[in-house]
Amino acid sequence: MEAPCSPPTAGKFVVVGGGIAGVTCAEQLAINFPSEDILLITASPVIKAVTNFKQVSKVLEEFDVEEQPSTMLENRFPNIKVIESGVKQLKSKEHCVLTEDGNQHIYKKLCLCAGAKPKLICEGNPYVLGIRDTDSAQEFQKQLTKAKRIMIIGNGGIALELVYEIEGCEVIWVIKDKAIGNTFFDAGAAEFLTSKLIDEKPEAKIAQKRTRYTTEGRKKETQARANAGNVGSALGPDWHEGLDLKGTKEFSHKIHIETMCEVKKIYLQEEFRISEKKSLTFPRDHHDQSVTTDKEIWPVYVELTNEKIYGCDFIVSATGVTPNTEPFLCGNNFDVGEDGGLKVDDHMHTSLPDIYAAGDICTAAWHPSPVWQQMRLWTQARQMGWYAAKCMAAASVGESIDMDFSFELFAHVTKFFNYKVVLLGKYNAQGLGSNHELLLRCTKGQEYIKAVLQNGRMMGAVLIGETDLEETFENLILNQMNLSAYGEDLLDPNIDIEDYFD
Ligand SMILES: Cc1cc2nc3c(=O)[nH]c(=O)nc-3n(C[C@H](O)[C@H](O)[C@H](O)COP(=O)(O)OP(=O)(O)OC[C@H]3O[C@@H](n4cnc5c(N)ncnc54)[C@H](O)[C@@H]3O)c2cc1C
Ligand SMILES: NC(=O)C1=CN([C@@H]2O[C@H](COP(=O)(O)OP(=O)(O)OC[C@H]3O[C@@H](n4cnc5c(N)ncnc54)[C@H](O)[C@@H]3O)[C@@H](O)[C@H]2O)C=CC1
């Protein structure tokens, strides 16, 4: 039996989670309350720090991410104390969290930033891998060095990055949709990108550029993980640049895409032999020789809903994430979103008193701006962590603050297939129904530009390549100017639209 928590008189600001959301929140609290101790409780001793933060435009931001030992955070902010232990229980009525190391911590205000974990298609199958943190990425790399063929399930960010990066191994990519990259792109953008996948060898890998992983403290981390059974922080931009993603063979892309289907059944080798079913060879095109033969015996076989069966060395389930809410739910009556996240209002407050949440763990349940939506991304984890701290600080002195400007417009800048990709607002016309029009400009191998308009106003955009249009488009979406008079001139390459609107 645990000792009961004492009443919340001497409570601190407590933040749970050492990812971008938790660290940003703790840092902001430390700045707001320099004479108070801020407690950051995290299951792993390495924390994620945002460095080289750059506000590229009003809402677009870029930054590097560093994995650092938690002592570095304590050195930078002497009033932050990091506790390296997983939270195993929350007693919200008593304002208290219990950690794996047997201690309890009283809070006056708590922010839960425990992130999310991969939502695997077949939990517990040793041949199904998910990628989330440094350890799972390294495990994937290790398996890949022995692999001749793998299967990737899913059509979001991780799958897109992997299919482009993996070399020397056959990849069967299974997607539910007609076109690749459904979480980020429509069919037009997908076609633009697919040509890059098929026509071209991947560019030479540049040295690890943006995410720097320190090795200090890793032994300790493994130990903490073994005790707590928790995952580390999520990887982020350029996570694969430090990994050599090579299979056993010497060739670049060998990808076969199975569209509009899902996994029906996974067979282990012996199970498959007994079933007497037949598996397919890797589909080869006219100028291509398959490197695997009909005679291969695979450790695992996958039957798809289109009845095709392929054998492979292992399967990557890149099928989204589930918020890490488990240790916090028992005995606490949180409102939980359909996606399993803790619902938060426009002040990042959950449904329980004095408990806030930010980053991948939460579900934005406020009435959003017409051109913003939640996506579980690095940038939103930072923005939410920062804003949650501001709200906690204001509430603790009886004040309230306005919603941060970053929630006015969805803005994401990333890289796919070595192209710069900028997504703004309702970039895929999400929720706009049929009442919208699209303006497109595409130069094969160079750029793909799509503007989404509704009633003459720009609602979103996809910019692939070095288009230099992000700031102008951001302004056009924010100011909701009526663009009807400009028609297709808006994307005419001979018109300098920056001058047009300045
Ligand atoms: C492979 C990969 C690539 C990605 N690439 C991009 C990208 O290019 N751009 C982008 O914007 N986003 C990207 N993302 C998404 C991005 O990484 C996440 O949205 C973001 O990092 C979430 O931050 P977070 O702080 O909410 O959670 P996390 O980073 O998951 O941090 C959660 C923290 O909570 C701790 N924790 C968990 N449970 C407990 C507990 N019970 N007690 C105490 N501590 C606990 C964990 O140890 C961890 O420190 C990528 C994700 C992955 C997996
Ligand atoms: N460059 C970037 O911005 C990147 C962002 N990320 C983020 O990291 C997180 C994890 O990435 P992903 O796992 O790729 O998630 P995701 O949410 O981006 O994509 C999940 C994909 O899996 C598919 N899917 C879901 N269930 C399925 C099933 N049972 N069978 C087949 N397909 C299924 C969905 O249709 C979707 O295409 C996400 O929040 C993502 O946004 C990841 C990599 C890169």
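Whatever order the structure lists them in is the order used to number ligands and atoms, beginning at 1.
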Whether His412 lies under 4.0 Å from ligand 1, heavy atom:
yes
Could you tell me whether some N/O pair between Gly18 and ligand 1 is separated by less than 3.5 angstrom?
yes
What pairs with Glu447 under side-chain hydrogen bond (donor to acceptor under 3.5 Å, both in side chains), at least two apart in sequence or on another chain?
Arg441
Centres of the Tyr301 and Tyr267 rings: under 6.0 Å?
no
Between Leu160 and ligand 2, which residue portion shows a heavy-atom distance shorter than 4.0 Å: side chain, backbone, both, or neither?
neither
Please work out, at 4.0 Å between heavy atoms, whether the side chain, the backbone, both, or neither of Ala43 comes within that distance of ligand 1.
both
Under 4.0 Å from ligand 2, counting heavy atoms only, is it the side chain of Arg376, its backbone, both or neither?
both
The answer for which part of Cys113 has a heavy atom under 4.0 Å from ligand 1 is backbone
Run the side-chain donor-acceptor check on residues 173-181: report pairs under 3.5 Å with partners two or more places apart or on a different chain.
{"from": "Trp173", "atom 1": "NE1", "to": "Gly154", "atom 2": "O", "distance (Å)": "2.7"}
{"from": "Asp177", "atom 1": "OD1", "to": "Asn182", "atom 2": "ND2", "distance (Å)": "3.2"}
{"from": "Asp177", "atom 1": "OD2", "to": "Asn155", "atom 2": "ND2", "distance (Å)": "2.7"}

Does His412 come within less than 4.0 angstrom of ligand 2, counting non-hydrogen atoms of the residue?
yes
N/O of Val16 under 3.5 Å from N/O of ligand 1, yes or no?
no
For Gly157, take its heavy atoms, then give the atoms of ligand 2 lying under 4.0 Å from any of them.
14 (O), 18 (O), 42 (C), 43 (C), 44 (C)
Please work out whether any backbone atom (N, CA, C, O) or any side-chain heavy atom from C-beta onward of Leu377 is under 4.0 Å from ligand 2, and answer side chain, backbone, both or neither.
side chain
Assess Glu161 for proximity to ligand 2: is some non-hydrogen atom of it under 4.0 Å away?
yes
Of the listed options (Phe63, Trp378, Phe140), which comes nearest to atom 11 (O) of ligand 1 when hydrogens are ignored and any heavy atom counts?
Trp378
Counting heavy atoms only, which part of Ile121 comes closer than 4.0 Å to ligand 2: side chain, backbone, both or neither?
side chain
For Asp360, which part has a heavy atom under 4.0 Å from ligand 1: side chain, backbone, both, or neither?
both
Look at ligand 1 and say whether Lys48 reaches it with a heavy atom at a distance under 4.0 Å.
no
Heavy-atom count around Gln373 CD within 6.0 Å, excluding the residue itself: above 12?
yes
Relative to the heavy atoms of Phe416, which atoms of ligand 2 are at a distance of less than 4.0 Å?
1 (N), 2 (C)
Which one holds for Ile158 and ligand 2: side chain close, backbone close, both close, or neither close, with close meaning a heavy atom under 4.0 Å?
both
Heavy-atom nearest neighbour of atom 16 (P) of ligand 2 within options Ala318, Gly181, Ser317, Gly156:
Gly156
Is ligand 2 under 4.0 Å from a heavy atom in the side chain of Trp378, in the backbone, in both, or in neither?
neither
Per-residue contact class, Ile361 against ligand 1 - non-hydrogen pairs under 4.0 Å:
neither
Pick one of side chain, backbone, both or neither for how Lys415 approaches ligand 2, counting any non-hydrogen atom pair under 4.0 Å.
neither
Applying the ring pair (Phe, Tyr, Trp, His ring centres under 6.0 Å) criterion to Phe417, which one of Tyr164, Phe185, Tyr448, Phe184 satisfies it?
Tyr164
Mind checking whether Pro327 contacts ligand 1 via backbone (N, CA, C, O), side chain (CB onward), both or neither, at a 4.0 Å heavy-atom cut-off?
side chain
In sequence, state the C-alpha distance, the side-chain angles, and the governing distance for Lys415 and Glu161, and then conclude on salt bridge (charged side-chain N to carboxylate O under 4.0 Å, His left out).
CA-CA 9 Å; Lys415 224 177 194 185; Glu161 295 198 332; over 6 Å; no
At under 4.0 Å between heavy atoms, which part of Lys119 makes contact with ligand 2: side chain, backbone, both or neither?
neither
Part of Asn155 with heavy atoms under 4.0 Å of ligand 2, whether side chain, backbone, both or neither
both
